[in-house]
Undergrad: 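Pasting in a structure now, in C-alpha cells, and then I'll have a few things to ask.
Side-chain atoms are counted along with the backbone in the values below, which use heavy atoms only and exclude waters and symmetry mates. Everything quoted here is computed from the prediction, not taken from an experiment. Numbering starts at 1 and runs along the sequence shown.
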Amino acid sequence: MAFTVQAANMALDLMDSHDFYQSTPRQGPLAEQFTTIVNSPPNPIRVSQKRAVRIALLLFGDMNSLENRSILATFRKRMRELNIDYRLDTYMDGFESNGDLTSYFKMADAQPDYIIMTKLGSVQRRFLERFLRAGKPKIILYDFASPLTHWMNHPPLMYVGFDQKKATTMLASYLERQLPAETKISALVLPTGYLGHMRCDLFLDEMAKYNRHISRIRAVSDDKRSAFEAAQILLKENPADFIFSCSQNISEGVVAALQAEGFDTQIQTNAWGLSLSGIADLESRKIKASVLFMKDDLSIAIAEAIKLDLEGKNMPTLYVANSMLVPAELDSESLRLMVQQAHHYSVELWQE
C-alpha cells in the first residue's frame, strides 16, 4: 500500500516535457537553441575565469561500469574542448550502500559550485532540496527529464534526459504491431521510482489499451543478477513468448537466463540501449527491439550548461535528448552506425 501511495505521489509531482513547455512557453525557444548548441561543434568559453570551477559528480552502482566510464569520458572531453578550467570530484553511491550517506556528507562539505546527480530518488530529492532553496551549489540532474511541480519555484539549473514516455509508447506500439495476437507476454518491472513509473507502469497501461494480457508480472531490483534469477523462475514456471524488460540491466539478466536455460530464439525480450557487443543479441533475435538513447548528448549538455551559466547567458531548465527504436531486422552496418551516433564521444569504450 505504501509503495502504491508513493508511486501515485511521484506521478502527480512529475511533468512530461509537453506539459512543462506548455506551462512555461518561453522555455521552448530556449530549449531549441540549446539543442542546436549540443549538436554543434564546441565553441570555447568567452569569459575569463578567476579560478577553476568546482564540480561534484555523484555516480551510482559500479564506478567501472561502461555507463559511468562513458559519462566521465564524454563530459571531460567536452569540457576540454570548451576550454573550461574546472576541478571534478567524483563520489559514489554503490549497490550495497544500505543508507550509507557518507558520499552525500562529503559532497556537501566540499561546497562545490555545481552538483551533477545521475539518479533521483527520495534520498537524493531530500539531499538536494536545501541547495535548491539556497540557490547554491547549482544542481544539474542527469538522465531525468521530468520536471517536478514541487520544484517549479526553485528549479535546478537544468534537467537533462530523455522522453521516457515517448520511448515507451514507441516500443509498445512496435510490439503491438509485431507480436502475433496469441503471444504470451510476461514482464519484469522495477519497484516504485522514476523509471518504474515512467516506463514500467506506462508499458503495462499501453498493453492494456491494446487488449494484450500480461500473464506474469514480477518486480525486481535494477541489476542483472536479480533479473537473471527472476527470469529463470519465469521460464521454469510459465514460459512466455516475450518477456518485457523495464531497464537495460533487467534486459541483460533476461538474455543471460535465456542463454543459460538453452532457449532458442522463440523467446525474446527488449533492450534499452545498445553496445556494439549487444548487437549480437539483436542479430540472434534474442532482442526483439531496443530503444537507443543518444547518451553522449547528456554529458555534452551538462558541459554546455555550465559554460552558458559561467557566461551569464540564458538557458533552458529542461533539455530532452533524442531516442530511437532499433528493430532486430536492421542490418549490421546500420546498427553499428547508430551505436556510433549514440556514443560519438565515447565509442571506443563501447567497442571494447
Undergrad: For Y319, which of I37, I300, L30, V38 qualifies under side-chain contact (heavy atoms from CB on, under 4.5 Å)?
TA: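 Testing each of I37, I300, L30, V38 against Y319, the sole residue satisfying side-chain contact (heavy atoms from CB on, under 4.5 Å) is V38.
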Undergrad: S186 side chain to I243 main-chain N or O, any donor-acceptor pair under 3.5 Å?
TA: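 Not at all, since once roles are kept as given, no pair shorter than 3.5 Å links the two residues.
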Undergrad: Is there a side-chain contact (heavy atoms from CB on, under 4.5 Å) between L175 and E206 once you walk through the steps?
TA: CA-CA 11 Å; L175 293 173; E206 288 295 298; over 6 Å; no
Undergrad: Is it true that, when you exclude D331 itself, more than 12 heavy atoms of the residues, nucleotides or ligands shown sit nearer than 6.0 Å to its CG?
TA: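 Yes, the 6.0 Å shell around CG holds more than 12 heavy atoms from other groups.
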Undergrad: Are Y345 and S299 packed together at the side-chain level, in the sense that at least one heavy-atom pair is separated by less than 4.5 angstrom?
TA: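 Answer no - side chains too far apart.
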Undergrad: Is there side-chain contact between T269 and I287, with at least one heavy-atom pair below 4.5 Å?
TA: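 With C-beta onward as the side chain, the pair touches.
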Undergrad: Would you call R125 and D13 a salt bridge, taking side-chain N to carboxylate O under 4.0 Å as the test?
TA: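 Salt bridge flag = yes for D13 with R125.
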Undergrad: Determine whether more than 12 heavy atoms belonging to other residues, nucleotides or ligands lie under 6.0 Å from atom NZ of K184.
TA: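 Correct, the count exceeds 12.
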Undergrad: Are the charged groups of K209 and E176 less than 4.0 angstrom apart, N to O?
TA: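 Salt bridge flag = no for E176 with K209.
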Undergrad: Does the side chain of D223 come under 3.5 Å of the side chain of S221 through a donor N or O and an acceptor N or O?
TA: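 Side-chain D/A pair, D223 to S221: present.
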Undergrad: Passes salt bridge (charged side-chain N to carboxylate O under 4.0 Å, His left out), D222 versus K119? Steps please.
TA: CA-CA 13 Å; D222 191 10; K119 189 171 80 178; over 6 Å; no
Undergrad: Would R212 and T183 satisfy side-chain contact (heavy atoms from CB on, under 4.5 Å), going step by step from the backbone distance to the final call?
TA: CA-CA 9 Å; R212 293 275 189 169; T183 302; 4.1 Å; yes
Undergrad: Identify all side-chain donor-acceptor contacts of residues 131-146 below 3.5 Å with residues at least two apart in sequence or on another chain.
TA:
unit_1, atom_1, unit_2, atom_2, d
K138, NZ, D309, OD1, 3.1
K138, NZ, D309, OD2, 2.9
S146, OG, Y194, OH, 3.3

Undergrad: Check whether Q124 reaches the backbone of G121 with its side chain - one donor and one acceptor, N or O, closer than 3.5 Å.
TA: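 Yes.
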Undergrad: As a quick check of understanding, evaluate side chain to side chain donor-acceptor pair (under 3.5 Å) for R177 and S173, giving each step before the final call.
TA: CA-CA 6 Å; R177 294 193 307 273; S173 171; 2.7 Å; yes
Undergrad: Of all residues at least two apart in sequence or in a different chain, which pass the side-chain hydrogen bond (donor to acceptor under 3.5 Å, both in side chains) check with E333?
TA: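 So E333 forms no side-chain hydrogen bond (donor to acceptor under 3.5 Å, both in side chains) with any residue.
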Undergrad: Are M152 and M15 close enough that some pair of their side-chain heavy atoms sits under 4.5 Å apart?
TA: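 Result yes, sub-4.5 Å side-chain heavy-atom pair found.
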Undergrad: Are the side chains of R199 and L171 in touch, meaning some heavy atoms are under 4.5 Å apart?
TA: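 Contact flag for R199/L171 side chains = no.
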Undergrad: With a 4.5 Å cut-off on side-chain heavy atoms, are V123 and L101 touching?
TA: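 Yes - at least one pair of side-chain heavy atoms lies under 4.5 Å apart.
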Undergrad: Using modelled atom types and a 3.5 Å cut-off, is there a donor and acceptor pairing between side-chain atoms of Q49 and backbone atoms of D85?
TA: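 Yes, Q49 side chain to D85 backbone: donor-acceptor pair under 3.5 Å.
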Undergrad: Taking the side chain from T168 and the backbone from K165, do they hold a donor-acceptor pair closer than 3.5 Å?
TA: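 Between the backbone of K165 and the side chain of T168 there is no qualifying donor-acceptor contact (under 3.5 Å).
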Undergrad: Please evaluate residues R78 and E304 with respect to the criterion salt bridge (charged side-chain N to carboxylate O under 4.0 Å, His left out), reporting the C-alpha separation (whole Å), side-chain torsions for both, the decisive distance (0.1 Å), and the verdict.
TA: CA-CA 8 Å; R78 190 67 165 201; E304 293 289 354; 2.8 Å; yes
Undergrad: So do the side chains of D93 and S103 get within less than 4.5 Å of each other, counting heavy atoms only?
TA: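 A side-chain contact is absent here, since even the closest heavy-atom pair is not under 4.5 Å.
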Undergrad: How many angstroms lie between CZ in R218 and CD1 in I250, if you round to the nearest 0.5 Å?
TA: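 Here the rounded value is 12.0 Å.
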Undergrad: Spell out, yes or no, whether M170 and Y210 are grouped together once hydrophobic residues are joined by side-chain heavy atoms under 4.5 Å, including indirect joins.
TA: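 Yes, because M170 and Y210 connect within a single hydrophobic cluster, where side-chain heavy atoms sit under 4.5 Å apart.
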Undergrad: Could you please spell out the steps behind the side-chain contact (heavy atoms from CB on, under 4.5 Å) verdict for E129 and H150?
TA: CA-CA 10 Å; E129 275 175 347; H150 185 60; 3.3 Å; yes
Undergrad: Quick one: does any side-chain atom of Q27 pair with a main-chain N or O of Y21 as donor and acceptor, under 3.5 Å?
TA: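 Absent.
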Undergrad: Got a donor-acceptor contact below 3.5 angstrom from the Y114 side chain to the V53 backbone?
TA: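 No: the side chain of Y114 does not pair with the backbone of V53.
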Undergrad: F75 vs I55, test: side-chain contact (heavy atoms from CB on, under 4.5 Å). Steps then yes/no.
TA: CA-CA 11 Å; F75 178 69; I55 301 163; 3.8 Å; yes
Undergrad: Is a salt bridge present between K77 and D296, judged by a nitrogen-to-oxygen distance below 4.0 Å?
TA: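 Judged by the 4.0 Å cut-off on N to carboxylate O distance, K77 and D296 do not form a salt bridge.
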Undergrad: Can you check whether L82 reaches I306 side chain to side chain, under 4.5 Å on heavy atoms?
TA: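 The answer is no; the side chains never approach within 4.5 Å.
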Undergrad: Within the supplied structure, the quantity of interest is the number of heavy atoms (other residues, nucleotides, ligands) at a distance under 6.0 Å from R51 CZ; does it exceed 12?
TA: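 Buried by this count: over 12 neighbours within 6.0 Å.
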Undergrad: How many angstroms lie between atom CG of N322 and atom CG of D297, to the nearest 0.5 angstrom?
TA: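 Output value for this atom pair is 8.0 Å.
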Undergrad: Is there a side-chain contact between K307 and N43 (heavy atoms, below 4.5 Å)?
TA: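 Touching, per the 4.5 Å side-chain cut-off.
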Undergrad: Just checking H154: does its NE2 atom have more than 12 heavy atoms from other residues, nucleotides or ligands closer to it than 6.0 angstrom?
TA: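 Counting neighbours around NE2 of H154, more than 12 heavy atoms of other residues, nucleotides or ligands fall under 6.0 Å, so yes.
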Undergrad: Please indicate whether Q111 has more than 12 foreign heavy atoms, meaning atoms of other residues, nucleotides or ligands, lying under 6.0 Å from its CD.
TA: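 Open.
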Undergrad: Relative to the ring of F203, is the ring of F244 parallel (under 30°), tilted (30 to 60°) or perpendicular (over 60°)?
TA: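 Ring orientation of F244 relative to F203: parallel.
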